[in-house]
Amino acid sequence: MVTLSFFRRVSSWQSRFLSTAMVGIASALLAASPTLADPARPIVNEKFSDFAPAIAELRQEAGQDRRDIVRANMLLTETEGARFWPLYDEYRAERQKIGDRRVRLITDFLAEQNSMSEDEASALANEDFAIGKDTSELKAKWYKKMTKTLSERTIARFFHIDEKLDAAADIALAANIPLIH
């Protein structure tokens with residue numbers, strides 16, 4: 001667990017990164033398990049590799065928090081829950097892969113924000129657009145898959161909750177990630 005004493009041991013740029021990463025990444029990339037989409041490529045920018053374990057731990061905790069919020073708001077019967085939760089876990093596992101890309105994007109941005117070339121800016125912007133597109137396509141795929149097992153209203157409710165959680169995470173990211181210099 002990351003404690004206050006941990007923050008005191010890091011330099012000011014690391015502290016700024018941690019506040020951004022801990023608030024933004026943990027809430028934005030709520031994952032059920034901290035697996036890597038591509039084991040050959042680290043999930044965080046190499047400049048921040050010391051923080052990878054803390055980010056993974058926060059993502060795991062945030063994933064459980066997300067699950068608890070979904071559970072409290074879905075209003076599922078026992079029968080519906082038995083059908084919903086395995087689908088939810090599969091969906092979140094696929095979202096995890098996109099979340100890994102987003103963590104990398106954020107840490108790449110933070111590593112280069114003050115010295116970013118035109119090519120780096122273009123690559124980061126295009127990856128951001130691709131992540132948005134892939135997330136939207138994944139949600140549509142899973143909506144269709146989930147409505148084969150549960151009612152349209154139930155799954156619409158789930159994706160409404162999911163969107164609200166994503167929006168809250170996006171607000172945290174927007175508030176904590178600085179603009180490109």
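The model shown is predicted, which means the values in this text are computed figures rather than measured ones.
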If you look at every heavy atom in [X] and [Y], which pair is closest and at what distance?
X	Y	result
S115	E120	O-OE1, 3.8 Å
K141	E94	NZ-OE1, 2.9 Å
R157	N73	NE-O, 2.6 Å
G81	P86	O-CD, 4.2 Å
E80	L75	OE1-O, 4.1 Å
T147	K144	OG1-O, 3.0 Å

Rounded to the nearest 0.5 Å, what's the gap from [atom1] on [X] to [atom2] on [Y]? Could you check?
X	Y	atom1	atom2	value
F129	I131	CZ	CD1	11.0 Å
R83	T154	CZ	OG1	8.5 Å
T77	M74	OG1	CE	10.5 Å
I177	I106	CD1	CD1	4.5 Å
F159	M146	CZ	CE	5.0 Å
L124	F109	CG	CZ	8.0 Å

State plainly whether the residues [X] and [Y] are in salt-bridge range, i.e. N to O under 4.0 Å.
X	Y	answer
D166	R66	yes
D170	R102	yes
R104	E127	no
D134	K139	no
E137	K133	yes

Within-4.5 Å side-chain heavy-atom neighbours: [X] and [Y]:
X	Y	value
L179	Q113	no
F84	V70	yes
D162	R92	yes

Side chain to side chain contact (heavy atoms under 4.5 Å, CB included) evaluation trace for K164 with I69: CA-CA 11 Å; K164 286 179 177 280; I69 292 168; over 6 Å; no
Derivation of the side chain to side chain contact (heavy atoms under 4.5 Å, CB included) call for I155 and W142: CA-CA 9 Å; I155 300 309; W142 275 95; over 6 Å; no
Near-ring test F158/Y143, centroid separation under 6.0 angstrom: no
Row check, W85 ring normal vs R71 NZ/CZ: under 6.0 Å, within 45°: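 Yes.
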Main-chain N/O of G132 paired to S136 side chain as donor or acceptor, under 3.5 Å: no
